[in-house]
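Working notes, structure below.
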Amino acid sequence: MTPEEMADLSAQLPTLIRGIYFEGWKSDTQMWERKKSDFVICVRNSFGYEPDVDIDQAIKAVFRVLDRHISHGEIVQVRNSMKKSLRQLWPMD
């Protein structure tokens, strides 16, 4: 996502979650296209290697929470900014 898209999404997050979202973020961070495998590895590295945790299911759970708390229009923009392989983790129900 572009910095502008990140700001739009974060504006709808609760304050505590917004703080976590931007923790360690730098404005000069280079943007890149991220494949599903890269994203899953990044999440796995950030949260550790718990053998009982299904990372794909954990990611889908976070996306379901976002679906419930973020406006539909913003969710559509976020999904459309993702590569197709990564979008497949976002449940459509």
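Please read all numbers here as calculations on a predicted model, not as lab measurements.
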request  = Apply salt bridge (Lys or Arg N to Asp or Glu O under 4.0 Å) to Arg79 and Asp67, showing your working.
outcome  = CA-CA 11 Å; Arg79 275 192 195 128; Asp67 270 336; 3.2 Å; yes
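- Atom CH2 of Trp90 is separated from atom CZ of Arg87 by 11.5 Å, given to the nearest 0.5 angstrom.
- Under the rule for a side chain to side chain contact (heavy atoms under 4.5 Å, CB included), the partners of Val43 that lie at least two apart in sequence or sit in another chain are Phe39, Phe47, Ile55, Ile59.
- Among residues two or more places apart in sequence or in another chain, the side chain to side chain donor-acceptor pair (under 3.5 Å) test is passed with Asn45 by Tyr49.
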Quick one: side chains of residues 10-17, donor-acceptor pairs under 3.5 Å with protein atoms, not counting sequence neighbours, listed by atom name and distance.
residue	atom	partner	partner atom	Å
Ser10	OG	Met6	O	3.3
Ser10	OG	Ala7	O	3.0
Gln12	OE1	Ser71	N	2.7
Gln12	OE1	Ser71	OG	3.4
Gln12	NE2	Ser71	OG	3.2

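- Taking OG from Ser85 and NZ from Lys35, the interatomic distance works out to 8.5 Å, rounded to the nearest 0.5 Å.
- Here the closest heavy-atom approach between residue Asp56 and residue Lys36 is recorded as OD2-NZ, 3.8 Å.
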request  = Walk me through it: do Asp38 and Lys83 pass the test salt bridge (Lys or Arg N to Asp or Glu O under 4.0 Å)?
outcome  = CA-CA 11 Å; Asp38 296 334; Lys83 286 192 141 200; over 6 Å; no
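- Distance check: Gln88 CD to Lys60 NZ gives 9.0 Å after rounding to the nearest 0.5 Å.
- Transitive grouping of hydrophobic side chains (ILVMFWY, heavy atoms separated by less than 4.5 Å) brings Leu89 and Val53 into a common cluster.
- Looking only at side-chain heavy atoms (C-beta outward), Val78 and Glu5 stay at 4.5 Å or farther from each other.
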